Amino acid sequence: MSFGEQILSRCKELGLTQQNVADELHITRQTLSKWENNKSYPDLKLLLALSEIYHVSVDSLLRENKDLTSFLNRDKASQAFNIIRGLFWLLIGFYFWSPSNYWSVDYRMKLATQLVVNKKRHSA
């Protein structure tokens, strides 16, 4: 039984309407209809909420549905990629826009010159 068939049958068994479930999940009725017709899938947060509303385990919703499982895995991979991309751009920003760019040759030369000047002052 597909994911959509499972939630549709549980909805009928419990006497719920699409609107009742959609209101509880804070989504549109059309979104729930897409899930019931296997045209799209909920994210993990909404999947957990669905399991509570329909009184079924997440495992039973996922067990026979490879499409939903791959959708959730792809979503996790996408989130991980976005985090890594964000960290990369953050580091680039620190490098180019830091007030004293330690990695630049000019800054290191200025530090070396100051060290030599200070050393000469203290030794004289």
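For clarity, every value in this text was computed on a predicted model and none was experimentally measured.
- Residues meeting the side-chain contact (heavy atoms from CB on, under 4.5 Å) test with Leu48, sequence neighbours left out: Val58.
- One finds the NZ atom of Lys34 at 11.0 Å from the CD1 atom of Ile27 (value rounded to the nearest 0.5 Å).
- For the pair Leu8 and Phe3, the minimum side-chain heavy-atom distance is 4.5 Å or more.
- Residue pairs satisfying the salt bridge (Lys or Arg N to Asp or Glu O under 4.0 Å) criterion with at least one member in residues 1-28, sequence neighbours excluded, are listed as follows: Arg10-Glu13.
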Working note: Gln18 + Ser33, criterion side-chain contact (heavy atoms from CB on, under 4.5 Å); need CA distance, chi angles, decisive distance, verdict. CA-CA 8 Å; Gln18 277 186 338; Ser33 177; 3.6 Å; yes
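- The heavy-atom pair separating Ser57 from Ser60 by the smallest distance is O-OG, 2.7 Å.
- At least one side-chain heavy atom of Tyr54 sits less than 4.5 Å from a side-chain heavy atom of Val21.
- Here the straight-line distance linking atom NE2 of His26 with atom OG1 of Thr31 works out to 13.5 Å at 0.5 Å rounding.
- Separation of atoms CH2 (Trp35) and CG (Leu46) is listed at 4.5 Å; rounding is to 0.5 Å.
- Rounding to the nearest 0.5 angstrom, the gap separating the CG atom in Leu25 from the NZ atom in Lys45 is 10.5 Å.
- Between Leu16 and Ile53 the shortest side-chain heavy-atom distance falls below 4.5 Å.
- Listed by chain and residue number, nothing satisfies the side-chain contact (heavy atoms from CB on, under 4.5 Å) test with Glu52 (two or more places apart in sequence, or in another chain).
- Contact detail for Ser2 and Asn38: the closest heavy-atom pair is OG-ND2, 2.9 Å.
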